[in-house]
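Quick notes on the structure that follows.
Chain letters run A, B, ... following the sequence lines, proteins first, then strands; residues in each count from 1. Hydrogens, waters and symmetry mates are skipped; everything else that's a heavy atom, side chains included, is used.
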Amino acid sequence: MQIYNSYTDSLEEFHSIHPGKVNMYVCGPTVYNYIHIGNARPVVFFDTVRRYLEHKGYAVRFVSNFTDVDDKIIQKSLDENIPELELSSFYIHAFLQDIESLNCKTDYTQPKVTEYMDPIIKYIKNLVDNGYAYEVDGDVYFRVSKIQDYGKLSNREVDDLISGSRVEINEQKENPLDFTLWKKTDQGLKFDAPYSLGRPGWHTECVVMIDDIFGEEIDIHGGGSGLKFPHHENEIAQAEATHHHHVARYWMHNGLLNFKDTKMSKSLGNVILVKDVLEKMALRYYLLSTHYRAPLVFTDEVFQMYITEWEKLENTYKSVFYKLDLSEKMIPTIEIKNPEIKQEMNHFDIAMDSDFNTANAITALQAILKLANINIRKNNNEILLNEILKALNYMTDVLGLKIDANRISEADRDIYHKWQQARKDKNYDLADTYRKVLMEKGIL
RNA sequence: GGACCCUUAGCCAAGUGGUAAGGCACGGGACUGCAACUCCCUCACCGCCGGUUCAAAUCCGACAGGGUCCUCCA
């Protein structure tokens, strides 16, 4: 399996540090609002990565944080007169609900900044003690000049960064690139550190959580490409300073989602919230339709197209499923022997092995759909249809595309047979009545 | 001002040196009690110009258009 490593900017063969295990961390949301569909992209994608790794037999330890201490949370808390913790807790639940509706697994480790204050403060103190950070009037800054490779991940020269800097020069910093580890404050949630009453900068939490939970270099660190600089660069710098080892072996960054001409972002206000999208699985399908490193453009026209494609997948899947279930010929334990199906299964895995090329994986899925539709109206091919169903189950499970199909009850089976009989009898009024019931139940 | 990325049919999209996968839409057939679903067929000189090469969508350079980062943002 190959993974594109953003750190080296190249495709690399994937070898986990511990055989059979993968430790991965994905930067999670700052919880002060509902997430939009652009926020959902990394969540859906890395959930898919996890699913595929698990199907390959890895025991995956998946961690993603919640930033629940932040300026924007404070601001919103003041604006709406709601305590910060209440606010963040509300949006944490909303987040989990949203991603669950996109069929993302939620049974992963979810550290929160507020629960990590002691280790964060200890971590910062260690950096100060070792000369990698310095305190000025209650604030603490990281001394970037101590890190030799600073800028390697995001491919930047330190000199370019300084000359191109549009940031107003902070007189307290030794170097404009130095970033805040601890900020003295009198607003919002405050914590007691040796330097001042304040709160931590954004860049320390992830690296502390990784250090605490995994205690070593992890296999995969993921996030949106917008986080490469400075966030991930700063994580790397801090880990280098603390342990003299890398945070992660493979860095993975997904491309951004653009809304028409510009990126979708809370600060620009051009957002579509996940909770407001009715077609949740079509959204997941859409998010996986393009390779994760490529940018993705959202327009109504494009999304409509993926709704159509999703419905096609859903229809075909259900047709196969219910045909087998209605005829009581479903064999969940079947082994795939058909060469054509085997080939598409292989194509699917090759695609996923190629840096999680979900676009090509979907092509293999579509080939199975076609095979299913060609064979669904033929008779006496239950074995083939069972193999097709098996393949569909595998592919949709890896991609996390959940289709609502359940084994049908005796009562519904009875209605089905009555419908068929009525059709044979050319009693179309009666047949249509039964058909309506079956369609409402999603069986047809 | 600095750094970087993208540009493949009406639309989405794969492809990273050997003469363009797949899907959606359109059009033409077929199936069907009526629907829905479905099937078959048709549909591209890869932004533009120049270069390297026996050979380029794929490598190099210029240009045009679009985008991202350098500041919070997945």
Side-chain angles (χ1 to χ4, degrees), chain A residues 9 11 26-30 32-33 35-46 64 67 70-72 75 151 154-157 159-168 176-177 179 202 222-231 233 253-258 260-268 271 285-286 289-299 301-316 318-319 347 351 354 357-367 369-370 372-377 422-429 431-432 435-436 439 444:
Chain A
D9 276 323
L11 274 175
V26 178
C27 290
T30 300
Y32 69 103
N33 208 335
I35 58 165
H36 63 251
I37 59 179
N39 299 128
R41 189 177 188 191
V43 180
V44 165
F45 172 66
F46 287 108
S64 187
T67 301
D70 178 89
D71 286 352
K72 278 169 296 202
Q75 194 52 50
S154 51
N155 248 320
R156 279 155 218 260
E157 300 293 333
D159 290 346
D160 292 338
L161 284 169
I162 293 171
S163 68
S165 178
R166 296 188 311 206
V167 196
E168 55 184 286
L177 293 183
F179 56 91
W202 177 46
S225 60
L227 295 181
K228 257 190 189 175
F229 185 89
H231 186 56
E233 204 71 72
H253 291 95
N254 62 274
L256 300 183
L257 184 145
N258 289 340
K260 289 185 182 135
D261 293 333
T262 51
K263 68 176 176 169
M264 187 172 287
S265 114
K266 289 174 193 169
S267 46
L268 292 177
V271 297
Y285 194 114
Y286 158 73
S289 67
T290 300
H291 187 96
Y292 75 92
R293 281 189 277 120
L296 195 51
V297 177
F298 186 93
T299 63
E301 186 196 2
V302 170
F303 189 54
Q304 200 55 46
M305 191 169 83
Y306 285 103
I307 290 175
T308 302
E309 292 196 31
W310 158 252
E311 283 172 349
K312 181 172 169 169
L313 165 61
E314 195 180 29
N315 282 338
T316 304
K318 283 186 175 180
S319 298
H347 284 164
S354 310
N357 192 328
T358 52
N360 281 342
I362 286 172
T363 298
L365 169 61
Q366 284 167 336
L369 292 181
K370 176 152 286 190
N373 280 320
I374 288 170
N375 284 285
I376 199 138
R377 279 157 217 222
R423 288 180 71 202
K424 255 185 219 166
D425 298 343
K426 298 195 192 292
N427 185 348
Y428 295 123
D429 287 343
D432 287 352
R435 179 169 72 183
K436 196 169 171 234
M439 287 180 93
L444 285 182

Against the side chain of A:K72, the closest entry in B:C73, B:G33, B:C12 is B:C73

_Give me the distance, rounded to whole Å, that separates B:G61 from B:G23 when you measure between the C1' atoms they each carry._
36 Å

If you measure from the C1' atom in B:A9 to the same atom in B:A14, how many Å do you get, rounded?
14 Å

Checking B:U38, B:C40, B:C11 against the side chain of A:K312 (C-beta onward), the nearest is B:U38

Rounding to 0.5 Å, atoms CD1 (A:I307) and CD (A:E314) come to a distance of 11.5 Å

**Request:** Please state the C1' separation for the pair B:U58 and B:C45 - nearest whole angstrom.
**Result:** 15 Å

Discussion item. Using 30° and 60° as the class boundaries, would you call the ring planes of A:F303 and A:F298 parallel, tilted or perpendicular?
Written reply: tilted

Check the phosphate of B:C5 against A:N155, side-chain N and O only, distance under 4.0 Å to OP1 or OP2. Yes or no? no

Here the gap from A:K312 atom NZ to A:L369 atom CG, rounded to the nearest 0.5 Å, amounts to 7.0 Å

When both distances are under 3.5 Å in a Watson-Crick or G-U wobble arrangement, the nucleotide paired with B:U19 is none

Distance, P atom - from B:U68 to B:G50, rounded to whole angstrom: 32 Å

Whichever of A:P295 and A:T308 has the more 5' nearest nucleotide on RNA chain B, that residue is A:P295

- If you measure from the C1' atom in B:C43 to the same atom in B:G51, how many Å do you get, rounded? 34 Å

The Watson-Crick or G-U wobble partner of B:A57, with both key distances under 3.5 Å, is none

Result for 5'-nearest mapping on RNA chain B, choosing between A:R41 and A:N373, is A:N373

Paired to B:C39 by Watson-Crick or G-U wobble criteria (both distances under 3.5 Å) is B:G29

Of the listed B:A14, B:G67, B:C24, the closest approach to the A:E309 side chain comes from B:C24

Paired to B:G1 by Watson-Crick or G-U wobble criteria (both distances under 3.5 Å) is B:C70

For A:S289 and A:A359, the nearest pair of non-hydrogen atoms, with its separation, is O-CB, 3.3 Å

| request: Look at the side chain of A:N39 and the backbone N and O of A:H36, then say whether any donor-acceptor pair between them is shorter than 3.5 Å. | output: yes

### Query
OP1, OP2 of B:A74 versus side-chain N and O of A:N39: anything below 4.0 Å?
yes

Taken to the nearest whole Å, NE2/A:H36 to C1'/B:A74 is 7 Å

(Q) Using OP1 and OP2 only, check whether a side-chain N or O of A:T363 sits under 4.0 Å from B:A21. (A) no

P atoms of B:U42 and B:G33, separation to the nearest Å:
28 Å

Using only modelled atom types and a 3.5 angstrom limit, is any donor from either the side chain of A:R423 or the base of B:C34 paired with an acceptor on the other? no

**Request:** Using the C1' atom as the reference point in each nucleotide, state the distance between B:C39 and B:C31 in Å, no decimals.
**Result:** 8 Å

A:N360 atom CG is separated from B:G23 atom C1', nearest whole Å, by 12 Å

To the nearest angstrom, the CZ-P distance between A:R293 and B:G15 comes to 9 Å

To the nearest angstrom, the CZ-C1' distance between A:F45 and B:A74 comes to 13 Å

Of the listed B:G22, B:A13, B:C11, the closest approach to the A:Q366 side chain comes from B:G22

Check this one for me: any side-chain N or O of A:W202 less than 4.0 Å away from OP1 or OP2 of B:C73? yes

As its Watson-Crick or G-U partner within any shown strand, both distances under 3.5 Å, B:G65 has B:C6

note: A:R377, atom CZ; B:C39, atom C1'; distance rounded to Å ~ 8 Å

Here the pair of heavy atoms bringing A:T316 nearest to A:N373 is OG1-ND2, 3.1 Å

Minimum side-chain heavy-atom gap A:Y286-A:L257 below 4.5 Å: yes

Which part of the nucleic acid, if any, lies within reach of A:G226 when heavy atoms closer than 4.0 Å are counted: base, sugar-phosphate only, or nothing?
nothing

- Query: Can you find an N or O donor on one side and an acceptor on the other, under 3.5 Å apart, linking the side chain of A:D432 with the base of B:G33?
  - Reply: yes

Atom CG of A:N315 and atom P of B:C39 are separated, to the nearest Å, by 11 Å

*asked:* Strictly below 4.0 Å: does A:N258 bring a side-chain N or O up to OP1 or OP2 of B:G67?
replied: no

From CD of A:E301 across to P of B:A13 the rounded distance in Å is 11 Å

B:C40 phosphate, OP1 or OP2, under 4.0 Å from A:K370 side-chain N/O: yes

Note: A:H231 and A:W202 closest approach over all heavy atoms is CE1-O, 3.5 Å

Strictly below 4.0 Å: does A:K228 bring a side-chain N or O up to OP1 or OP2 of B:C69? no

A:Y428 atom OH is separated from B:G33 atom P, nearest whole Å, by 6 Å

*Determine the Euclidean distance between corresponding C1' atoms of B:A55 and B:A62; express it in Å to zero decimal places.*
24 Å

Taking B:A14, B:G33, B:A74 as options, the one with an atom nearest any side-chain atom of A:R435 is B:G33

Looking across every strand, which nucleic acid part, if any, lies under 4.0 Å from A:H291 by heavy atom: base, sugar-phosphate, or nothing?
-> sugar-phosphate

